[in-house]
Participant: 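Following this message is one structure expressed as structure tokens.
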2 protein chains.
Amino acid sequence: MTRTATLEDVAQKAHVSKMTVSRVINHPELVAPELQVVVEDAMRKLNYHPNNAARALAKNQTSVVKFVILEDIDHMDPYYTNILFGMATELKKKNYSLQLLLKGSQIEQGPADGFVITGTRVDDYPMLNALKEPFILFGENRGGYDFVDTDNLGGETMATEYALKQGYRNLVFIGLDVKEAFEFSREAGYVNAMQQNKKIPSVNRVKNSTTAARAFMQEHLSEYPKNTCFICGSDRIATGVIQALVEEEKDIPGDYGVIGFDGILLDKVSSPKITTVKQDLWKIGETLAQLILRKINQNGAPQGEMFIKPTLSKAESTK
Amino acid sequence: MTRTATLEDVAQKAHVSKMTVSRVINHPELVAPELQVVVEDAMRKLNYHPNNAARALAKNQTSVVKFVILEDIDHMDPYYTNILFGMATELKKKNYSLQLLLKGSQIEQGPADGFVITGTRVDDYPMLNALKEPFILFGENRGGYDFVDTDNLGGETMATEYALKQGYRNLVFIGLDVKEAFEFSREAGYVNAMQQNKKIPSVNRVKNSTTAARAFMQEHLSEYPKNTCFICGSDRIATGVIQALVEEEKDIPGDYGVIGFDGILLDKVSSPKITTVKQDLWKIGETLAQLILRKINQNGAPQGEMFIKPTLSKAESTK
DNA sequence: CTGTTAGCGCTTTCAA
DNA sequence: TTGAAAGCGCTAACAG
């Protein structure tokens, strides 16, 4: 076993002190350029990699970020893999690693340099306020906390305008019946675009499940004339809407169009495949990581809000 | 800021040396029972938590396990959240944290005490053999590597026998057209159960997509008489099969039954909802963590194979 | 701009 | 069975 190279080794090879090597890594601006070159060369030759535990110990850090899901576990299935990998990839660059926590577990069990938290509701605000470490939320909120989220408003605006452009005359919004910021933003995106185009908005809300959406459609389909496009608050809802339409043997996308929101998986297994507002989960993860890292670095300084642009993924459920 | 308690603090409070405290934590059997009590009491009173970085440094460890996905990224969406959280929860107990890696990234970028790897194919074996650190695979393999997986064979046997019990006379298997151990096991589960019951097996394979499964059904449905149950290698395939059946206005579950495999999400958004063999992903994650931790602890000693029992989730697609 | 000294909190010797 | 000393690899604080 060849012991892995240490600062000391590099220092010797470069004929400088450990500190100079350390500085080249952490504060290169304090080191003479010529020395930098020599030191970097030595590091390369020795295949030097800093020992993270030692650094963490010396700096009194943990090199750990905790990712916390406050929602119920069965909601979480498909959603987080990409976010997690996006985050992890970014964290890795600073040699950070992840711990994953669920609702039940005490957030404060064991230390971390920072938190990324998702699924927070207003009830959780007291707990957030009590948190000593810096944190970033995934998900729009009106509590003034730093967050990253999909541009829900912009995304739904885009969807609405696309439906219009494709020639649908009636646009009906079917959203989620939750009182959450992301849902309000999606509704606003739809409503704004409608008003912009001098159309009368029709906002409906159902439980976020295919079954609920299907039931809603079974009850109301007769009210919607041909050439209607349903702008849905999620792909689950869109899936239910499509099922109801198919049952009634309606012509999709000819007479009826459907647009979903999410683009995680459901859009691709539906038949017809769903046109949807696709979230860039990986990017969201990366951004989450960048913000929390920066916040840690800046001693908890506010990082503001960050909206990640979704894309419209066009498929078979619209003209 | 009240500095967090250290070994030293505990030692003073308990009137012993640091070493005794350290021993109480790591090798309690070497400490007099009476002292143990005193020390543990002091730890509690001071709310002592070991500093992981310090420990890692002293023991020359990293406290990091890497989770590596070798598959293409778009397959991965829904699958891993539960495994990851199951793992993380178990790792946390030993103060371990996670780093997440994807195919492209060099596995060996930066150190870890061990690896959990998924999506390995035969091509990857050389890389596995070159790995210095201990690893556990998620996914059956015939390469002799330690692994954890769902009991694919048992699961499909269970599905097949259930279909029989429900009175379906013809059982048709529609699996994935991949040459992977998990698929062979699922097929074997079906075939064994059929032979056991003196039935002639019919094994078919399609690409793992709803579209492919639907196309297959469109072509072959006429060959299958009423009272047939389709035993599918995945929920994606089951979804496609159901779509084709619905299109042809067949009676599900009366004339035709469908059973899937996975139970991740698709089974619940389908209409009718899919009876499926549900994997216990959380448990798989926990087990993965336990094995890699033990393997690390035992200096790489083989841990063997571990099959996690799935459950049959009964829904609307079968009698 | 560079080096020296000290110490982060823990565990591994070794001695008692 | 317990303790004292040394050191894991790094960085902060100071001095030069």
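We name chains A, B, ... by the order of the sequence lines, and we start the count at 1 in each one.
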Participant: Provide, to the nearest angstrom, the distance between the CG atom belonging to B:Leu35 and the C1' atom belonging to D:dT2.
Facilitator: 8 Å
Participant: Do A:Glu140 side-chain atoms and A:Asp149 backbone N/O form a donor-acceptor pair below 3.5 Å?
Facilitator: no
Participant: Toward the 5' end of DNA chain D, which comes first, A:Leu57 or B:Leu30, by nearest nucleotide?
Facilitator: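 Going by which nucleotide is closer to the 5' end, it is B:Leu30.
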Participant: May I have the distance from A:Asp9 (atom CG) to D:dC10 (atom C1'), rounded to whole angstrom?
Facilitator: 13 Å
Participant: In terms of relative ring orientation, are A:Tyr145 and A:Phe135 parallel, tilted or perpendicular, with 30° and 60° separating the classes?
Facilitator: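 The arrangement is tilted - the two ring planes meet at 30° to 60°.
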Participant: Report yes or no: does B:Asp146 contribute a side-chain atom to a donor-acceptor pair with the main-chain N or O of B:Pro302 at less than 3.5 Å?
Facilitator: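 Absent.
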Participant: Is any side-chain heavy atom of B:Asn51 less than 4.5 Å from a side-chain heavy atom of B:Thr4?
Facilitator: no
Participant: Closer than 4.0 angstrom, basic N to acidic O: yes or no for B:Arg44 and B:Asp41?
Facilitator: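 Between B:Asp41 and B:Arg44 there is a salt bridge, with a charged N closer than 4.0 Å to a carboxylate O.
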Participant: Would you give a per-nucleotide map of nucleotides 10-16 of chain C, 5' to 3', where B means the base has a protein non-hydrogen atom under 4.0 Å away, S means only the sugar-phosphate does, and - means neither?
Facilitator: BBB----
Participant: Report the C-alpha separation of A:Gln290 and A:Gln303 in whole Å, then their side-chain angles, then the decisive distance to 0.1 Å, and conclude whether the side-chain hydrogen bond (donor to acceptor under 3.5 Å, both in side chains) test is met.
Facilitator: CA-CA 10 Å; A:Gln290 285 160 199; A:Gln303 304 292 320; over 6 Å; no
Participant: Check whether any side-chain N or O of A:Thr20 sits under 4.0 Å from OP1 or OP2 of C:dG3, and answer yes or no.
Facilitator: yes
Participant: Nearest whole angstrom, please: distance from the C1' of D:dA4 to the CD of B:Gln12.
Facilitator: 15 Å
Participant: Do the two ring centres, one from B:Phe67 and one from B:Phe138, sit under 6.0 Å apart?
Facilitator: no
Participant: Go nucleotide by nucleotide along DNA chain D from the 5' end; which of B:Val16 and B:Asn60 gets its closest nucleotide reached first?
Facilitator: B:Val16
Participant: Bend across the helix from C:dC1-D:dG16 to C:dA16-D:dT1, to 10°, with axes taken over 5 pairs at each end?
Facilitator: 30°
Participant: The test is side-chain contact (heavy atoms from CB on, under 4.5 Å); show your working for B:Lys94 and B:Val65 and say whether it passes.
Facilitator: CA-CA 11 Å; B:Lys94 300 271 188 268; B:Val65 165; over 6 Å; no
Participant: What's the CG-P distance between A:Leu46 and D:dG9, to the nearest Å?
Facilitator: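 One finds 14 Å between P of D:dG9 and CG of A:Leu46, rounded.
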